[in-house]
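Labels below follow one simple rule: chain letters A, B, ... track the order of the sequence lines, proteins then strands, and each chain is numbered from 1. Atom set for the values below is all heavy atoms of this structure, side chains included, hydrogens, waters and symmetry mates excluded. This is a predicted model, so every value here is computed, not measured.
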Amino acid sequence: MSDRISEKLTELAKRRGYFFQSSGAYGGVGGFYTFGPQGAALKGNVEDAWRDRFAIAEGHMEIDAPTIMPEPVFEASGHLETFDDMLVECPECEESHRADHIVEDETEYEDAESLPVPEVEEIIAEYELVCPTCGAGLAGAAIEDFNLMFATNIGPGDSQPGYLRPETAQGIFVEFPRLKEYARNTLPFGVTQIGRAYRNEISPRRSIIRTREFTQAELELFVDPETSEPDLTLVEDVSVRLYPATEQQADDGSEVETTIGDAVADGTIADPWIAYFLGIAQEWYASVGVDTDRFRFRQHLAGERSHYASDCWDAESEIDGNWIEIAGFAHRGDYDLSKHQEYSEERFTVFQQYDEPKTVERAVVDPDMSYLGPEFGGDAQAVVEELETLAGRDRAAFEGETVDVEFGDETHEIPVEKTGFAVEEQTEAGEHVVPHVIEPSFGVDRLVYTILHHAYREDEVAGEERTYLDLEPEVAPTFVGVFPLQSDDDLEDEAEGIAAALRAEGLSVTYDDSGNIGRRYRRQDEVGTPFCVTVDYESLEDGGVTVRERDTTDQKRLPIDDLPETLSALRAGEVAFEDLDEE
RNA sequence: GCGCCGGUGGUCUAGUGGCAGGACCUGAGCCUUCCAAGCUCAUGGCCCGGGUUCAAAUCCCGGCCGGCGCACCA
């Protein structure tokens with residue numbers, strides 16, 4: 001049964017323009033998909049809904065950064081190193097294994113990933129390591145260096161290497177020094193981005209669930225680790241299904257049905273920001289059509305977490321009995337901003353003012369350059385820097401007649417009186433803080449797939465099998481179909497007029513006069529169009545039309561003049577179809 | 001990347017070393033006063049390359065693509 005839905009969905013997606021493999025005319029290429037007319041509209045609606053909730057409703061700002069960035073960005077982010085896999089193929093059984101993992105498992109080396117390839121090859125030979133699958137010796141087998149990032153060159157030649165971003169996040173982190181200005185140097189503030197990311201996956205699989213180019217919707221929330229707090233009262237009553245790490249590791253562990261408030265109170269979710277976003281996400285996912293019975297939040301196990309995350313929860317949806325990750329909620333700490341501060345020339349901090357200015361004692365130097373200059377020549381400035389460092393680190397060094405300064409390979413004695421050493425009282429209004437980052441990161445393609453999968457329905461209408469998509473009106477690619485009951489010039493004119501009026505209202509409308517009325521209803525059912533409007537001969541007399549609801553196939557007679565308003569209210573969820581009064 | 005299986009109109013599928021069939025869909029027409037009805041007509045196909053052969057969509061080899069398993073998934 002479960003496999004049938006995926007297969008039927010794939011077939012439907014191809015046939016009705018939701019999504020299909022790209023470049024089919026050239027044999028297709030693995031891991032790349034095109035969203036067809038329906039799919040692009042659905043995806044766009046999902047992105048709009050995300051933007052409404054996570055950017056606009058939260059008061060955050062959205063940016064749109066390039067997908068290609070220069071190499072130093074990824075040196076700083078750690079992706080050049082950690083996105084790099086060392087694969088070694090067993091000469092006997094031809095299985096591929098992670099060379100660094102084998103080394104870490106079998107030797108005392110703990111961070112083989114960061115070692116150069118030739119060194120890892122030497123270690124394998126030296127320790128006579130064997131294939132985990134068949135036990136054959138791996139000595140002499142070549143290690144293939146594989147980086148999951150797509151590489152390119154910026155400008156002519158290969159002088160400036162660049163990479164397609166493997167996550168949208170770096171585009172936000174890199175621009176932090178300017179973005180903080182827009183936030184008026186005030187924490188917390190959030191920056192969102194919806195955009196493409198690229199990973200040269202070894203083995204793309206399972207339709208649009210694992211592709212090489214995909215869309216992420218990410219929020220980077222920059223918080224003061226000491227003072228910023230979410231308003232948990234907004235989400236404390238939200239019911240969630242959690243799968244904490246402790247339950248995953250227990251023999252009889254199970255998912256936990258609880259509320260955000262209780263999970264925070266009993267420590268299941270340690271970080272209040274993570275808890276806040278899990279609550280927001282739970283309700284948002286439900287609003288766009290994820291079946292909450294096939295949805296949970298799973299905590300990462302310690303060994304599973306990324307190089308930056310201190311705690312991480314995934315949102316997972318159930319597809320054919322398998323749980324797939326559709327979002328990650330990570331506490332990235334100050335990892336990203338600190339790394340960019342270290343690797344770049346910019347300051348990735350926000351000045352946080354104290355409630356009360358603090359008075360602190362500080363050791364300072366004010367060297368006598370008329371002494372240091374002649375004494376050290378061109379090295380005088382470096383000596384000054386050494387003195388400054390030393391003063392901050394070790395005041396006692398300045399207590400004697402002279403102070404010892406390590407410089408070059410020698411120790412120099414400098415009279416303390418020439419250093420201008422003093423301990424001063426200084427008033428500090430605040431401090432430069434590297435913000436911590438809370439990152440809710442959503443996979444849009446997987447969400448679209450989940451929505452379609454969870455919306456897939458088969459039932460029976462008038463003795464005939466029917467397939468329909470139970471899509472939420474807010475995200476349905478086509479909102480309303482408009483038909484003349486039969487081929488008839490007068491009916492067609494009236495129906496086309498209604499279609500135009502609804503389009504003018506901003507609704508997504510499809511007009512169809514082919515075949516018979518039943519066929520047209522089924523066509524719209526199959527792509528998930530929530531409502532259909534049919535113009536009949538009475539419409540020309542009494543100004544009413546039949547409006548038919550997708551899920552129930554119920555029909556109501558409603559006045560044409562009110563249609564734009566009525567249907568807009570239905571789309572916004574302001575009224576329910578069953579509550580509408582007939583004419 | 002390795003292994004197994006597979007690739008036939010838009011979709012699903014039958015089939016064989018000798019003229020490639022069906023169903024659905026789609027389009028045109030007829031019919032039709034609310035749920036894939038019926039009739040007529042039409043469009044459209046053997047993944048790519050090489051080999052074997054008188055003849056290859058079919059057999060063989062390689063590639064590409066897909067499903068599944070392994071590995072991978074910061």
Side-chain angles (χ1 to χ4, degrees), chain A residues 3 6-8 10-17 20-32 36 74 77-90 92-102 113 131-134 144 146-149 166-167 169 197 199-207 209-212 300 304-309 312 324-325 328 330 443 460-468 483-488 491 514-526 532-540 545-548 550 552-555 557:
Chain A
D3 280 331
S6 273
E7 283 170 20
K8 288 180 179 180
T10 301
E11 185 267 322
L12 188 151
K14 269 191 280 196
R15 194 163 41 78
R16 302 306 306 270
F20 46 85
Q21 197 180 19
S22 297
S23 304
Y26 292 89
V29 57
F32 293 92
F74 300 108
S77 71
H79 286 98
L80 263 186
E81 184 177 306
T82 62
F83 246 49
D84 201 61
D85 284 345
M86 285 183 253
L87 297 177
V88 60
E89 188 179 311
C90 172
E92 288 296 319
C93 69
E94 299 186 328
E95 285 274 336
S96 283
H97 298 279
R98 285 279 298 267
D100 50 326
H101 287 182
I102 295 174
E113 191 167 26
C131 171
T133 306
C134 72
E144 187 186 358
F146 184 80
N147 195 295
L148 253 44
M149 285 194 293
E167 60 176 12
R199 294 177 196 182
N200 200 0
E201 296 282 357
I202 297 171
S203 176
R205 281 290 165 83
R206 297 179 66 192
S207 178
I209 290 174
R210 194 151 145 219
T211 58
R212 293 189 163 121
H300 277 202
E304 179 182 7
R305 285 199 295 266
S306 306
H307 54 283
Y308 48 73
C312 188
I324 63 167
E325 174 191 352
E460 196 169 286
V461 173
E464 297 280 348
E465 273 188 21
R466 177 176 77 137
T467 298
Y468 71 102
F483 319 133
L485 183 61
Q486 292 178 16
S487 303
D488 179 290
L491 294 183
S514 78
N516 62 57
I517 191 70
R519 182 188 299 272
R520 292 177 228 150
Y521 284 148
R522 298 303 166 83
R523 248 184 216 145
Q524 294 311 313
D525 287 343
E526 202 177 29
C532 291
V533 170
T534 298
V535 176
D536 57 29
Y537 292 99
E538 282 175 46
S539 304
L540 305 175
V545 285
T546 303
V547 178
R548 178 250 197 196
R550 175 195 62 205
T552 59
T553 74
D554 287 348
Q555 304 190 139
R557 193 78 182 168

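- Rounded to a whole angstrom, the distance from the P atom of B:A20 to that of B:G44 is 15 Å.
- Rounded to whole Å, the distance from CZ on A:Arg210 to P on B:G67 is 11 Å.
- B:A20 is unpaired under the Watson-Crick or G-U wobble criterion, no partner having all donor-acceptor distances under 3.5 Å.
- For the pair A:Gln486/A:Tyr537, a side-chain contact is recorded, criterion being any heavy-atom separation below 4.5 Å from C-beta on.
- Distance, A:Asn147 CG to B:C72 C1': 14 Å, rounded to whole Å.
- Using a 4.0 Å cut-off between charged nitrogen and carboxylate oxygen, A:Glu526 and A:Arg15 count as a salt-bridge pair.
- Both the sub-6.0 Å distance and the 45° axial angle are not jointly satisfied by A:Arg550 relative to the ring of A:Tyr468.
- Looking at heavy atoms from C-beta onward, A:Asn147 lies out of side-chain contact with A:His79 at the 4.5 angstrom threshold.
- When rounded to the nearest whole Å, the span between CD of A:Gln21 and C1' of B:G7 equals 12 Å.
- Taking a pair to require two hydrogen-bonding distances under 3.5 Å in either a Watson-Crick or a G-U wobble arrangement, B:C70 pairs with B:G1.
- For the C1' atoms, the distance from B:U13 to B:G7 is 13 Å, rounded to whole Å.
- Two residues are said to be in side-chain contact when any heavy atoms from C-beta on lie closer than 4.5 Å; A:Thr546 and A:Arg557 meet this criterion.
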Open item on the list: Can you build the contact string for nucleotides 27-43 of chain B? Use B for base contact, S for sugar-phosphate-only contact, and - for no protein heavy atom under 4.0 Å.
Closed with: S----BBBBBB------

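- Counting heavy atoms from C-beta on, the side chains of A:Arg548 and A:Asp525 come closer than 4.5 Å.
- A:Arg523 places a side-chain heavy atom less than 4.5 Å from the side chain of A:Arg16.
- If you measure from atom CZ of A:Arg16 to atom P of B:U26, you get 8 Å, rounded to the nearest angstrom.
- Of the nucleotides present, none pairs with B:U32 by Watson-Crick or G-U wobble criteria with both distances under 3.5 Å.
- Using P as the reference atom, B:C24 and B:A36 are 15 Å apart when rounded to the nearest Å.
- When the C1' atom is used for both B:U32 and B:A23, the distance is 24 Å, rounded to whole Å.
- The nucleotide B:A37 finds no pairing partner, because no Watson-Crick or G-U wobble arrangement with both distances shorter than 3.5 Å includes it.
- For B:C12, one of the phosphate oxygens OP1 or OP2 lies less than 4.0 angstrom from a side-chain nitrogen or oxygen of A:Lys14.
- For A:Arg205 against B:C72, no side-chain N or O and base N or O form a donor-acceptor pair under 3.5 Å.
- Across the C1' atoms, B:G62 and B:G10 are found 30 Å apart, a figure rounded to whole Å.
- The CD atom of A:Glu7 sits 16 Å away from the P atom of B:G66 (whole-angstrom rounding).
- Comparing A:Glu11 and A:Glu201 against RNA chain B, the residue whose closest nucleotide sits nearer the 5' end is A:Glu11.
- With A:Arg212 contributing its side chain and A:Glu201 its backbone, the two residues share a donor-acceptor pair below 3.5 Å.
- Nucleic acid contact class of A:Ser207 (heavy atoms, under 4.0 Å, all strands): sugar-phosphate only.
- Only the C1' atoms considered, B:G3 is 40 Å distant from B:C19, to the nearest whole Å.
- Mapping A:Val29 and A:Leu148 onto RNA chain B by nearest heavy atom places A:Val29 closer to the 5' end of the strand.
- At the heavy-atom level, A:Gly17 lies nowhere under 4.0 Å from the strands shown.
- Using the Watson-Crick or G-U wobble rule with both distances under 3.5 Å, B:C59 pairs with B:G51.
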